[in-house]
Amino acid sequence: MKISRFTNPLSNIYEQKMLQNAIKTGVQQYLLFKNPSNILGRKKDISIKVIEVPPPKNKYWIKELEEIGFTKNTLSFVNFLGMSFHLPQMVFSSILIHVADMVKSGSTIVLDYAEKEIEGVSSYSYIEMVTMLNFAGFDVYEYISPDDWAKSWNNTQNVDKSEFDGVILAVKRVV
């Protein structure tokens, strides 16, 4: 079975578990960035406000967030799965900075990224991801490497383990 990095079920399962944990700790809104990679993002059975964020197309996307119900400086859970694959590093880093500026300290973000260079997909090293997150104001809380994902997968299935990506759970620093 070939798992596409654009629909990695493990990343989505992990995101759902982390969202449920965040809800228990007081998160009030869930930002779900819509993009081709995050087709498994779920909205049902979530007891907090869900804001589906359209893919950023221009510099006005932040203003559009408020129009669709986003509340600034609110404890939030941000689903950024799949975003890094489609954006150049400068754009991706800029979006991280803007998200950090909008959410309250203690908010959580989950993201995945390709560690290996693949045609048509932006790739990053772990150090690059940590640097971008730190610059934006997030601290890495948990990192799951592609090797860790591959080990956790049911080895009885024929899975192309090169398709797994790094996943990071980060929390906005208290300032």
Side-chain angles (χ1 to χ4, degrees), residues 3-87 91-114 121-122 124 129 132-144 149 152 164-175:
I3 293 181
S4 167
R5 72 179 3 91
F6 300 121
T7 57
N8 186 336
L10 293 176
S11 296
N12 284 280
I13 291 167
Y14 176 77
E15 178 267 337
Q16 288 298 299
K17 286 181 182 178
M18 295 303 102
L19 172 61
Q20 293 307 317
N21 289 344
I23 290 171
K24 290 175 188 172
T25 62
V27 162
Q28 299 167 345
Q29 62 186 356
Y30 172 51
L31 276 71
L32 172 62
F33 277 81
K34 295 190 294 186
N35 64 75
S37 301
N38 193 12
I39 64 170
L40 296 179
R42 294 165 190 83
K43 300 184 305 179
K44 63 181 181 179
D45 303 326
I46 296 175
S47 59
I48 59 174
K49 180 168 57 170
V50 177
I51 297 108
E52 289 188 75
V53 182
K57 293 179 183 162
N58 57 46
K59 63 183 180 182
Y60 303 109
W61 70 274
I62 297 169
K63 183 169 176 32
E64 293 171 3
L65 276 180
E66 294 172 352
E67 294 171 2
I68 59 174
F70 174 76
T71 307
K72 280 186 165 186
N73 298 317
T74 300
L75 198 58
S76 306
F77 185 90
V78 182
N79 179 342
F80 227 56
L81 292 177
M83 292 297 291
S84 70
F85 302 116
H86 308 286
L87 301 170
V91 174
F92 183 64
S93 181
S94 174
I95 292 171
L96 286 174
I97 291 166
H98 288 301
V99 167
D101 286 343
M102 296 183 306
V103 298
K104 186 176 184 175
S105 294
S107 293
T108 307
I109 185 169
V110 63
L111 56 90
D112 54 355
Y113 64 98
V121 174
S122 296
Y124 305 90
M129 289 305 284
M132 286 189 291
L133 286 163
N134 283 329
F135 186 77
F138 289 100
D139 290 325
V140 173
Y141 180 78
E142 184 172 24
Y143 166 65
I144 303 172
W149 274 133
S152 71
F164 292 99
D165 301 300
V167 175
I168 292 177
L169 182 74
V171 177
K172 182 178 176 189
R173 277 191 294 275
V174 176
V175 259

Should the pair Y30 and F77 be assigned to parallel (<30°), tilted (30 to 60°) or perpendicular (>60°) ring geometry?
->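 Aromatic pair Y30/F77 classed tilted.
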Are a donor atom and an acceptor atom from the side chains of Y14 and E142 found within less than 3.5 Å of each other?
->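 Distance-only check passes for Y14 and E142.
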State, without any angle test, whether T74 and K49 hold a side-chain donor-acceptor pair at a distance under 3.5 Å.
->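 Distance-only check fails for T74 and K49.
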Given side chain to side chain contact (heavy atoms under 4.5 Å, CB included), test L111 with M129 step by step and report yes or no.
-> CA-CA 10 Å; L111 56 90; M129 289 305 284; 3.1 Å; yes
Is there side-chain contact between [X] and [Y], with heavy atoms separated by less than 4.5 Å?
X    : Y    : result
L133 : L96  : yes
N134 : R173 : yes
N12  : L81  : yes

What are the two closest non-hydrogen atoms of [X] and [Y], and how far apart are they?
X    : Y    : value
F70  : S76  : CE1-OG, 4.3 Å
N73  : D101 : OD1-O, 4.2 Å
G166 : Y143 : CA-CE1, 4.3 Å
I68  : E52  : CD1-O, 3.3 Å
S84  : S122 : O-CB, 3.2 Å
A100 : F138 : CB-CE1, 3.4 Å

Pair F92-Y113, ring-ring contact (aromatic ring centres under 6.0 Å, His included): steps then yes or no | CA-CA 11 Å; F92 183 64; Y113 64 98; 8.7 Å; no
Nearest 0.5 angstrom please: [X] [atom1] to [Y] [atom2], how far?
X    : Y    : atom1 : atom2 : value
L31  : I51  : CG    : CD1   : 5.0 Å
S47  : Q28  : OG    : CD    : 11.0 Å
E15  : L19  : CD    : CG    : 5.5 Å
I109 : I168 : CD1   : CD1   : 10.0 Å
D112 : N79  : CG    : CG    : 8.5 Å

Side chain [X], main chain [Y], donor-acceptor under 3.5 Å:
X    : Y    : answer
K172 : T108 : no
Q29  : V50  : no
D139 : V171 : no

V53/L65 under side chain to side chain contact (heavy atoms under 4.5 Å, CB included): CA gap, chis, key distance, verdict = CA-CA 7 Å; V53 182; L65 276 180; 3.5 Å; yes
For S93, which residues count as a side-chain contact (heavy atoms from CB on, under 4.5 Å) partner, sequence neighbours excluded?
->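 side-chain contact (heavy atoms from CB on, under 4.5 Å) list for S93, sorted by chain: I97, M132.
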